[in-house]
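Okay, so here's the structure we're looking at.
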Amino acid sequence: MAAPLAPVRVLGIESSCDETGLALIEVGADPARLPRLLADALHSQIAMHQDYGGVVPELASRDHIRRLLPLLQRVLTDSGCVRGDIDAVAYTAGPGLAGALLTGSALAAALAWSLGVPAWPVHHLEGHLLSPMLSSDPPPFPFVALLVSGGHTQLMRVDGVGRYALLGETVDDAAGEAFDKSAKVLGLGYPGGPALAQCAESGDPAAHDLPRPLLHSKDLDFSFAGLKTAVATRVQRLGRAPSEAERADLAASTQAAIVEVLVKKSAAALKQTGLNRLVVAGGVGANAHLRDSLNALAQRRGWRVHYPELRLCTDNGAMIALAAGLRLQHGLLDRPQRGVAGPQAVAVRPRWPLDELSPA
Ligand code: KG4
Ligand code: ZN
């Protein structure tokens with residue numbers, strides 16, 4: 001009888017935007033056993049970008065360069081491993097900021113070349129949508145995924161690893177962008193999502209009837225660009241800076257508008273597909289009001305909703321290592337052989353549609 005295949009250790013590198021994340025996972029050959037996270041380390045650039053009210057791409061790239069190697073060392077130390085234990089390197093190749101992506105890609109190529117292991121490009125959104133597989137309640141396939149991040153808002157039908165069909169997406173701003181831009185208008189700083197959510201806690205969500213574009217459209221698309229304009233108009237009408245209470249009411253009304261659209265479209269996607277399982281991924285998935293609303297509706301309708309662990313909602317290296325590990329287990333990547341490194345191009349795809357991953 002052949003000896004069982006040894007587990008593979010995959011290093012994940014995330015550097016697509018304003019978080020530098022590295023992680024090491026161990027993947028067995030049997031897809032019934034999910035990959036195991038050995039260690040992960042993260043540096044958020046939020047404090048650095050705060051002064052500018054948003055991410056400054058060139059500063060982001062330079063900071064990734066400073067953080068990547070110390071974070072790699074931390075992951076190795078925490079997992080009790082050495083560089084030679086890495087069997088493959090997975091890195092975010094897109095979508096994201098070109099310069100930021102290149103820093104992770106360059107580290108992946110250099111490590112892979114020096115260790116004689118493959119470097120695997122990973123789609124950032126595939127990382128997000130598979131990230132609940134690292135939670136204590138991993139979802140079985142098939143399911144509908146609501147991907148809500150700073151750059152994307154999409155509903156996908158997920159039939160398995162690498163089998164993703166786009167059901168609908170935003171025609172303009174992403175949900176996270178709507179949070180961020182509205183927060184900026186309200187003078188709440190960056191990143192706007194958590195700041196606006198916090199400010200909304202003491203506000204009245206019914207104080208302002210803000211637009212919910214495409215809410216009743218027959219499709220599963222979203223549109224959020226009008227929301228920040230509506231918030232700006234309300235502030236302008238005041239003719240002065242809003243008081244604390246006015247700010248809280250506007251924040252609560254903005255959050256209510258975004259969440260209502262996300263919940264109703266998710267419900268429509270479940271109805272259209274006939275599925276009863278929803279996975280929520282991406283930074284906006286950390287929003288407590290969104291979670292409460294989805295959970296309440298799920299209870300009434302008999303669905304299950306799965307979330308990644310809170311700390312894995314926003315960008316991180318674990319989800320990138322995980323996506324590669326699951327691809328390996330499902331035969332979408334070749335088992336790495338030490339000393340047989342693939343071509344190591346430093347190549348990224350700042351724009352990369354997720355449904356290109358699915359077989360035609
Ligand atoms: O997935 P992510 O970390 O990065 C991207 O790939 O974009 O998502 C970041 C987005 C930002 O727009 C941020 O404001 C939003 O997620 N976000 C939140 C919350 N935490 C992060 N939005 C609403 N409520 C939150 N608690
Ligand atoms: Zn992300």
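In each ligand, atom 1 is the first atom listed, and ligand 1 is the first ligand listed.
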Give, for atom CG of L107 and atom CG of L22, the distance between the pair rounded to the nearest 0.5 Å.
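Reported value, rounded in 0.5 Å steps: 6.5 Å.
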Is the cationic atom of R291 (NZ for Lys, CZ for Arg) positioned less than 6.0 Å from the six-membered ring centroid of Y307 and within 45 degrees of its normal?
yes
Residue by residue, ordered by chain and number, which ones reach under 4.0 Å of ligand 1 with a heavy atom?
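Lining ligand 1 at under 4.0 Å, by heavy atoms, one finds H124, H128, S149, G150, G151, G176, F179, D180, G193, P194, G282, G283, V284, A286, N287, T314, D315.
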Closer than 2.8 Å to the Zn ion (ligand 2): does that hold for any N, O or S atom in H152?
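Short answer: no, not a single N, O or S atom is under the cut-off.
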Would you check if the Zn ion (ligand 2) lies under 2.8 Å from any N, O or S atom of H124?
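Checking H124: at least one N, O or S atom is under 2.8 Å.
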Between the side chains of N287 and Q255, is a donor N or O closer than 3.5 angstrom to an acceptor N or O?
yes
Does the side chain of T233 pick up a donor-acceptor pair with the side chain of K228 at under 3.5 Å?
no
H124 vs H128 aromatic rings, parallel, tilted or perpendicular, using cut-offs 30° and 60°?
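Judged by the thresholds at 30° and 60°, the geometry between H124 and H128 is perpendicular.
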Check: V144 and R277 side chains under 4.5 Å, non-hydrogen atoms
no
Verdict with reasoning, Q329 to D30, per side-chain hydrogen bond (donor to acceptor under 3.5 Å, both in side chains)
CA-CA 7 Å; Q329 280 187 326; D30 179 4; over 6 Å; no
Degrees at the Zn ion (ligand 2) between the NE2 atom of H128 and the OD1 atom of D315, nearest 10°:
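With the Zn ion (ligand 2) as the vertex, the angle is close to 90°.
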